[in-house]
Amino acid sequence: GPDYHAGGIYGQFIYINPETNMVIVKTSAHREFQEPAKSGASYKQETVNMMRNLSAYYAAEKAP
């Protein structure tokens with residue numbers, strides 16, 4: 001299902017996944033947030049990927 005996210009100017013982030021009933025908030029002051037990360041992806045994309053993985057991991061932990 002769809003997930004939602006919002007990012008702030010210095011890397012603050014809110015991630016919502018209704019399917020897994022997960023909300024993740026990241027506070028930060030990363031001034032290079034808009035620059036490419038070491039992996040080549042943007043920090044924003046890395047953050048979204050991390051939050052999606054966390055959501056999937058914890059949803060699997062709750063599964064019977």
Side-chain angles (χ1 to χ4, degrees):
D3 54 1
Y4 308 92
H5 53 83
I9 190 168
Y10 292 128
Q12 305 89 351
F13 230 84
I14 298 171
Y15 173 84
I16 302 167
N17 187 324
E19 187 174 298
T20 60
N21 200 31
M22 180 76 59
V23 174
I24 303 171
V25 176
K26 176 179 160 256
T27 60
S28 55
H30 186 348
R31 297 194 185 281
E32 288 87 33
F33 184 69
Q34 300 297 331
E35 302 297 319
K38 290 179 183 175
S39 69
S42 71
Y43 284 109
K44 180 179 178 182
Q45 188 59 49
E46 282 188 347
T47 301
V48 171
N49 290 342
M50 176 198 61
M51 292 183 175
R52 284 180 176 152
N53 288 329
L54 283 170
S55 181
Y57 174 81
Y58 285 108
E61 287 276 311
K62 291 181 183 178

Could you tell me if the side chain of Met22 sits less than 4.5 Å from the side chain of Met51, heavy atoms only? no
From the list Asp3, Thr47, Val25, side chain to side chain contact (heavy atoms under 4.5 Å, CB included) partner of Tyr15 resolves to Asp3
Nearest 0.5 Å, what's the [atom1]-[atom2] distance between [X] and [Y]?
{"X": "His5", "Y": "Ile16", "atom1": "NE2", "atom2": "CD1", "result": "10.5 Å"}
{"X": "Asn21", "Y": "Ser55", "atom1": "CG", "atom2": "OG", "result": "9.0 Å"}
{"X": "Ile24", "Y": "Tyr58", "atom1": "CD1", "atom2": "OH", "result": "9.0 Å"}

Is it the case that one hydrophobic cluster holds both Phe13 and Val23, taking links as side-chain heavy atoms less than 4.5 Å apart, direct or via other members? no
Just by modelled atom types, is the Ala59 backbone N or O under 3.5 Å from a matching donor or acceptor in the Thr20 side chain? no
